[in-house]
Amino acid sequence: MSLSLTYNGMGECCPHLTCDWCNSAITNARGALVAWPSAETQPLVMLHKGPCDLQYESQHGHHSWMGIESLLSFVSHNAGVRNAQPRRRKGRQP
């Protein structure tokens with residue numbers, strides 16, 4: 001799963017998602033999904049819906065999936081986050 005942080009010119013950290021197939025930024029949650037190869041515990045793969053997930057499926061076979069919005073809701077819930085609102089914070093650059 002491609003979740004990374006970059007820093008903008010003002011020293012703020014900016015988390016973002018990247019498609020594991022085409023390596024482009026995922027900028028529309030409704031246009032992306034996470035996939036995994038089976039019902040067992042597996043690493044997640046972030047994909048754009050459409051060409052990227054179809055090509056992934058043709059190479060790796062049928063996969064289970066859920067939308068990015070659902071994934072983020074489940075992760076927030078399972079981590080105990082309630083009414084989380086994104087906040088801008090200054091990050092520390094390495």
Side-chain angles (χ1 to χ4, degrees):
M1 179 171 86
S2 294
L3 171 64
S4 25
L5 289 172
T6 56
Y7 290 86
N8 65 14
M10 299 182 298
E12 296 174 325
C13 61
C14 304
H16 59 91
L17 302 173
T18 304
C19 177
D20 290 314
W21 188 261
C22 72
N23 294 316
S24 295
I26 294 173
T27 58
N28 176 1
R30 290 186 176 146
L33 56 84
V34 291
W36 59 96
S38 68
E40 298 173 18
T41 302
Q42 297 285 331
L44 299 174
V45 178
M46 296 269 181
L47 301 165
H48 289 108
K49 289 180 182 175
C52 293
D53 82 285
L54 293 173
Q55 290 175 41
Y56 176 85
E57 186 172 56
S58 72
Q59 186 169 349
H60 298 281
H62 181 72
H63 55 272
S64 300
W65 67 276
M66 75 171 66
I68 297 273
E69 291 171 319
S70 296
L71 172 75
L72 296 174
S73 294
F74 278 112
V75 169
S76 295
H77 174 77
N78 293 343
V81 176
R82 290 182 175 64
N83 301 323
Q85 296 294 318
R87 296 181 293 177
R88 291 192 176 267
R89 289 175 88 144
K90 294 235 177 207
R92 191 168 23 142
Q93 291 182 307

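Since the model is a prediction, treat every value here as computed from it, not as a measurement.
Note that CG of L72 and NE2 of H77 are 14.5 Å apart. Values are rounded to the nearest 0.5 Å. With rounding to the nearest 0.5 Å, the separation of CH2 in W36 from NE2 in H63 is 9.0 Å. The NE2 atom of H48 sits 6.0 Å away from the OG atom of S24 when rounded to the nearest 0.5 Å.
When hydrophobic clusters are built by joining Ile, Leu, Val, Met, Phe, Trp and Tyr residues whose side-chain heavy atoms come closer than 4.5 Å, directly or via intermediates, L17 is grouped together with V75. No continuous path of ILVMFWY side-chain contacts below 4.5 Å connects L54 to L44, so the two sit in separate hydrophobic clusters. Linking Ile, Leu, Val, Met, Phe, Trp and Tyr residues whenever their side-chain heavy atoms come within less than 4.5 Å leaves L5 and L3 in two separate clusters.
Nearest heavy atom pair, residue L71 against residue M46, reads CD2-CE, 4.0 Å. In terms of heavy-atom proximity, C19 sits nearest to L47 at SG-CA, 3.8 Å.
Although no hydrogens or angles enter the test, the distance criterion places a donor-acceptor pair under 3.5 Å between the side chain of D53 and the main chain of G50.
The side-chain heavy atoms of Q59 and W21, taken from C-beta on, include a pair separated by under 4.5 Å.
Partners of H60 according to the ring pair (Phe, Tyr, Trp, His ring centres under 6.0 Å) rule, which considers only residues two or more places apart in sequence or in another chain, are Y56. Every residue two or more places apart in sequence or in another chain that forms a salt bridge (charged side-chain N to carboxylate O under 4.0 Å, His left out) with E69 is listed here: R30.
Shown are N23, D20, V45; of these, the side chain to side chain contact (heavy atoms under 4.5 Å, CB included) with S2 is made only by D20.
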